[in-house]
Amino acid sequence: MEKQNELQIHSASETAKVIIRLTDPDVGDIISNLKLQKLLYYVQGFHLAVFDKPLFKEDIVAWEYGPVVREVYDEYKGYGKGAIPFPDKNFEDTLAQEQFDLMVDVYHVYGQYTAVRLMELTHEELPWINTKKNEVISPKLMKSYFLTQLTDNEDLFHIPA
């Protein structure tokens, strides 16, 4: 099946499954709910900055341990701190090629970090800092912040220190 040509807004659950499928469980690359939440935040933030529209429709909320998409958190909370299983269904083909490429780029940069390191990074960033706990992180605030993280060279964005 070919990827979609136009940018569409998806569900956070479908987006999460694409992120999980970017892992390679055969080499021990796994993802916990905490790490998945942070990757959803980064994917959404860069999508807003690059395409001026959200990748998924659900809100991201500022929780104590960083940004969270409640619906996805609830879907995977039964796994606790453990690995989320690799999904059978492929949602990659529902994305436009540019959206999928962006997700791959975000995963390659941020997926290398532990869940705890990603949490620490989000705690240093303005969208989480400037949002009251348990409130929705504004897409406008995310877009504004992530625009500052884009680079002019061949790399899409700054690699965190």
Side-chain angles (χ1 to χ4, degrees), residues 7-23 30-84 87 91 94-96 98-153 155-161:
L7 301 178
Q8 297 181 13
I9 299 175
H10 302 272
S11 77
S13 179
E14 290 172 352
T15 304
K17 287 174 178 59
V18 172
I19 292 171
I20 296 165
R21 287 178 60 92
L22 291 174
T23 65
I30 58 169
I31 193 164
S32 66
N33 201 357
L34 181 64
K35 184 171 182 173
L36 177 61
Q37 295 300 324
K38 305 318 161 237
L39 292 172
L40 282 167
Y41 161 79
Y42 284 113
V43 165
Q44 183 79 312
F46 283 111
H47 197 279
L48 286 162
V50 172
F51 301 116
D52 194 28
K53 68 190 288 186
L55 176 58
F56 54 85
K57 59 188 175 219
E58 291 82 0
D59 291 328
I60 297 178
V61 178
W63 280 12
E64 178 182 356
Y65 296 108
V68 170
V69 178
R70 178 67 186 234
E71 293 84 351
V72 175
Y73 172 82
D74 287 343
E75 186 175 350
Y76 296 112
K77 68 183 176 185
Y79 296 101
K81 295 178 182 178
I84 296 172
F91 288 97
T94 66
L95 299 166
E98 299 90 346
Q99 290 174 307
F100 181 71
D101 292 346
L102 176 86
M103 292 181 71
V104 168
D105 288 345
V106 169
Y107 185 80
H108 282 289
V109 172
Y110 291 92
Q112 65 184 306
Y113 297 104
T114 66
V116 171
R117 180 64 185 132
L118 290 173
M119 179 190 68
E120 291 169 349
L121 288 172
T122 64
H123 285 192
E124 297 167 4
E125 297 170 350
L126 293 178
W128 187 83
I129 291 169
N130 291 336
T131 304
K132 291 181 181 178
K133 299 309 161 266
N134 301 315
E135 296 290 328
V136 172
I137 299 175
S138 155
K140 183 178 177 182
L141 180 60
M142 287 180 64
K143 177 186 172 188
S144 173
Y145 173 75
F146 281 95
L147 278 170
T148 70
Q149 300 305 297
L150 297 175
T151 65
D152 293 329
N153 63 27
D155 297 324
L156 179 61
F157 33 76
H158 299 287
I159 296 176

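Checking side-chain atoms of Thr131 against main-chain N and O of Trp128 turns up no donor-acceptor pair under 3.5 Å. The closest donor-acceptor contact from the side chain of Arg21 to the backbone of Pro87 lies under 3.5 Å.
With sequence neighbours left out, the ring pair (Phe, Tyr, Trp, His ring centres under 6.0 Å) criterion links Tyr65 to no other residue. With sequence neighbours left out, the side chain to side chain contact (heavy atoms under 4.5 Å, CB included) criterion links Ser144 to no other residue. Partners of Asn33 by side-chain hydrogen bond (donor to acceptor under 3.5 Å, both in side chains), not counting sequence neighbours, listed by chain and number: Gln37. Residues satisfying the ring pair (Phe, Tyr, Trp, His ring centres under 6.0 Å) criterion with His108, sequence neighbours excluded, are absent altogether. Among residues two or more places apart in sequence or in another chain, the side-chain hydrogen bond (donor to acceptor under 3.5 Å, both in side chains) test is passed with Glu71 by none. With sequence neighbours left out, Glu58 forms a salt bridge (Lys or Arg N to Asp or Glu O under 4.0 Å) with no residue at all. Under the rule for a side-chain hydrogen bond (donor to acceptor under 3.5 Å, both in side chains), Asn134 has no partner lying at least two apart in sequence or in another chain. Partners of Lys81 under the salt bridge (Lys or Arg N to Asp or Glu O under 4.0 Å) rule, at least two apart in sequence or in another chain, do not exist in this structure. Partners of Asn130 by side-chain hydrogen bond (donor to acceptor under 3.5 Å, both in side chains), not counting sequence neighbours: none found. For Tyr73, the ring pair (Phe, Tyr, Trp, His ring centres under 6.0 Å) criterion is met by Trp63, not counting sequence neighbours.
Note that the CD1 atom of Ile19 and the CG atom of Leu40 stand 4.0 Å from one another [nearest 0.5 Å]. If you take CD1 on Ile137 and CD on Gln44, they are separated by 10.5 Å, rounding to the nearest 0.5 Å. Within the model, atoms CD of Gln112 and CG of Leu118 stand 9.0 Å from one another, a figure rounded to the nearest 0.5 Å. Rounded to the nearest 0.5 Å, atoms OH (Tyr76) and CD1 (Ile31) are 9.5 Å apart. How far CD1 of Ile84 is from CD of Glu75: 8.5 Å, rounded to the nearest 0.5 Å. With rounding to the nearest 0.5 angstrom, the OG1 atom of Thr122 is 10.5 Å from the CD1 atom of Ile60.
In terms of heavy atoms, Ala16 sits closest to Val72 at CB-CG1, 3.8 Å.
Looking only at side-chain heavy atoms (C-beta outward), Ile20 and Leu36 come within less than 4.5 Å of each other. At least one side-chain heavy atom of Arg117 sits under 4.5 Å from a side-chain heavy atom of Leu121. Side-chain contact check for His10 versus Leu95: some heavy-atom pair is nearer than 4.5 Å.
Under the 3.5 Å distance criterion, with hydrogens and angles disregarded, a donor-acceptor pair is assigned to the side chains of Tyr41 and Glu125.
Listed by first then second residue, pairs satisfying salt bridge (charged side-chain N to carboxylate O under 4.0 Å, His left out) with a partner in residues 30-46 number zero, not counting sequence neighbours.
Using the six-membered ring where Trp is involved, Phe46 and Phe146 have ring planes that are perpendicular, over 60° apart on the 30 and 60° scheme.
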Name the atoms and distances for all side-chain donor-acceptor pairs under 3.5 Å in residues 47-57, with sequence neighbours left out.
{"from": "His47", "atom 1": "ND1", "to": "Lys53", "atom 2": "O", "distance (Å)": "2.7"}
{"from": "His47", "atom 1": "ND1", "to": "Leu55", "atom 2": "N", "distance (Å)": "3.4"}
{"from": "His47", "atom 1": "NE2", "to": "Gln99", "atom 2": "NE2", "distance (Å)": "3.2"}
{"from": "Asp52", "atom 1": "OD1", "to": "Lys143", "atom 2": "NZ", "distance (Å)": "2.5"}
{"from": "Lys53", "atom 1": "NZ", "to": "Leu7", "atom 2": "O", "distance (Å)": "3.0"}

